[in-house]
Amino acid sequence: MSEQSKDKHQQRQQKLKDQVDARIAAAQQEKGIFQVITGNGKGKSTSGFGVVARCVGHGKKAAVCQYIKGTWECGERNLLQGVGVEFVVMGTGFTWNTQDKESDTAAAQAAWQESKRLLSDASLDVVLLDELTYMVTYGYIDVDEVLEAIGNRPPMQSVIITGRAAHRKLIELADTVSEVRNVKHAFDAGVKALQGFDY
Ligand code: ATP
Ligand code: MG
């Protein structure tokens with residue numbers, strides 16, 4: 001690189017740094033964040049659990065409510081329960097396969113009551129509601145009730161909802177929304193779900 005292009009590069013980097021510094025200085029508001037992680041690609045729940053680990057790593061407190069996949073084996077649960085993260089797991093009453101709407105609704109509602117308890121607990125810094133979007137899509141939990149509980153939560157508490165096809169109202173209320181797009185997935189090439197990687 002010539003001296004001249006080195007200078008140019010340095011000037012560009014300095015300008016970028018100034019812009020970033022100005023934006024950091026402008027972000028003065030302190031409040032808990034409501035994040036939605038949606039889309040068809042892989043990485044929604046792992047991202048949510050990443051935040052839980054990050055929170056606990058700072059000596060803060062987190063809790064998780066697992067909708068749908070709660071009764072399955074789960075590496076994150078094995079690890080995080082051991083460091084004091086409360087897990088609420090949707091009961092075995094949830095059938096999914098049999099499409100028994102009554103027992104599915106009852107199981108979802110029971111988990112939702114527990115979620116509401118977490119959302120009113122000011123000692124929790126992060127609450128992860130994993131796969132909650134499906135409960136709303138299937139009509140097992142009323143979206144307006146979710147909005148109300150999130151809207152009334154302790155101001156410094158952060159909440160993450162994961163799952164495909166997040167309801168428009170959840171996306172509107174959220175501070176941060178990420179959509180994970182499926183570019184390709186090993187499963188489509190016939191690779192089995194792998195312990196320690198997929199669950
Ligand atoms: P992960 O838990 O790995 O972060 P996710 O939360 O984004 O995945 P889910 O829809 O909750 O995705 O699916 C959970 C399981 O399904 C995981 O084992 C994941 O590997 C798998 N999976 C996720 N996306 C896809 C996809 N596009 N095709 C096939 N399988 C997928
Ligand atoms: Mg998931």
Side-chain angles (χ1 to χ4, degrees), residues 33-57 62-83 85-99 104-105 107-112 114-116 118-119 124-141 143 146-147 149-150 157-171 173-199:
I33 291 159
F34 170 33
Q35 180 178 12
V36 171
I37 310 170
T38 192
N40 295 331
K42 174 181 166 63
K44 300 176 290 296
S45 295
T46 35
S47 172
F49 281 115
V51 175
V52 170
R54 185 176 275 178
C55 170
V56 173
V64 179
C65 185
Q66 290 181 296
Y67 289 87
I68 298 183
K69 280 176 284 189
T71 53
W72 298 7
E73 232 194 313
C74 172
E76 295 94 326
R77 194 167 68 232
N78 295 345
L79 179 75
L80 293 165
Q81 270 182 333
V83 291
V85 176
E86 179 187 347
F87 273 69
V88 173
V89 171
M90 195 159 83
T92 44
F94 191 80
T95 48
W96 200 250
N97 304 329
T98 59
Q99 298 293 317
D104 287 353
T105 305
Q109 277 298 320
W112 172 238
E114 291 295 298
S115 297
K116 281 202 285 192
L118 302 176
L119 291 171
L124 291 170
D125 298 288
V126 169
V127 175
L128 170 61
L129 305 174
D130 192 36
E131 321 295 349
L132 180 124
T133 59
Y134 304 98
M135 302 300 106
V136 169
T137 303
Y138 285 87
Y140 301 153
I141 299 175
V143 70
V146 178
L147 298 182
I150 291 176
Q157 186 186 79
S158 292
V159 183
I160 302 171
I161 289 181
T162 76
R164 297 178 189 205
H167 193 289
R168 173 183 52 82
K169 287 186 175 180
L170 292 175
I171 289 175
L173 184 69
D175 302 295
T176 299
V177 179
S178 299
E179 184 171 349
V180 184
R181 187 167 65 89
N182 184 36
V183 176
K184 57 161 116 169
H185 195 288
F187 183 72
D188 296 331
V191 182
K192 277 175 78 169
L194 190 61
Q195 186 186 51
F197 189 88
D198 286 306
Y199 61 92

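Just so you know, residue 1 is the first one in the sequence shown, and it goes up from there. Start at 1 and go down the list; that is how both ligands and their atoms are numbered. Values in this document were obtained by computation on a predicted structure and should not be read as measured data.
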Asker: Looking at side-chain heavy atoms only, is the closest gap between V51 and L128 below 4.5 Å?
Answerer: no

Asker: Which is closest to atom 6 (O) of ligand 1 in terms of heavy atoms, G39, A193, S45?
Answerer: S45

Asker: Say whether D198, considering both its backbone and side-chain N or O atoms, lies within less than 3.5 Å of an N or O atom on ligand 1.
Answerer: yes

Asker: Does CD1 in I33 sit with more than 12 non-hydrogen atoms of other residues, nucleotides or ligands closer than 6.0 Å?
Answerer: no

Asker: Does the side chain to side chain contact (heavy atoms under 4.5 Å, CB included) test come out yes or no for M90 and M135, once each step is laid out?
Answerer: CA-CA 11 Å; M90 195 159 83; M135 302 300 106; 4.0 Å; yes

Asker: Can you tell me if an N/O/S atom from T162 lies under 2.8 Å from the Mg ion (ligand 2)?
Answerer: no

Asker: Any atoms of ligand 1 less than 4.0 Å from a non-hydrogen atom of N182? List them with their elements.
Answerer: 27 (N)

Asker: Just distances here: any N/O of G41 and N/O of ligand 1 closer than 3.5 Å?
Answerer: yes

Asker: Would you please determine whether N40 falls within less than 4.0 Å of ligand 1 on a heavy-atom basis?
Answerer: yes

Asker: Yes or no on side chain to side chain contact (heavy atoms under 4.5 Å, CB included) for D130 and K44, after CA distance, side-chain angles and deciding distance?
Answerer: CA-CA 9 Å; D130 192 36; K44 300 176 290 296; over 6 Å; no

Asker: Write the atom name of the N, O or S atom in E131 that is nearest the Mg ion (ligand 2).
Answerer: OE2

Asker: For atom 25 (C) of ligand 1, which candidate among H185, E131, K44 provides the closest heavy atom?
Answerer: H185

Asker: Taking atom CD1 of I160 and atom OG of S47, what is their separation to the nearest 0.5 Å?
Answerer: 6.5 Å

Asker: I want to know if ligand 1 touches G43 in the polar sense, i.e. an N/O pair below 3.5 angstrom.
Answerer: yes

Asker: Decide yes or no for Q66 and V88: does some side-chain heavy atom of the first lie under 4.5 Å from some side-chain heavy atom of the second?
Answerer: no

Asker: When you compare the side chain of Y140 with that of Y134, does any pair of heavy atoms fall below 4.5 Å?
Answerer: no

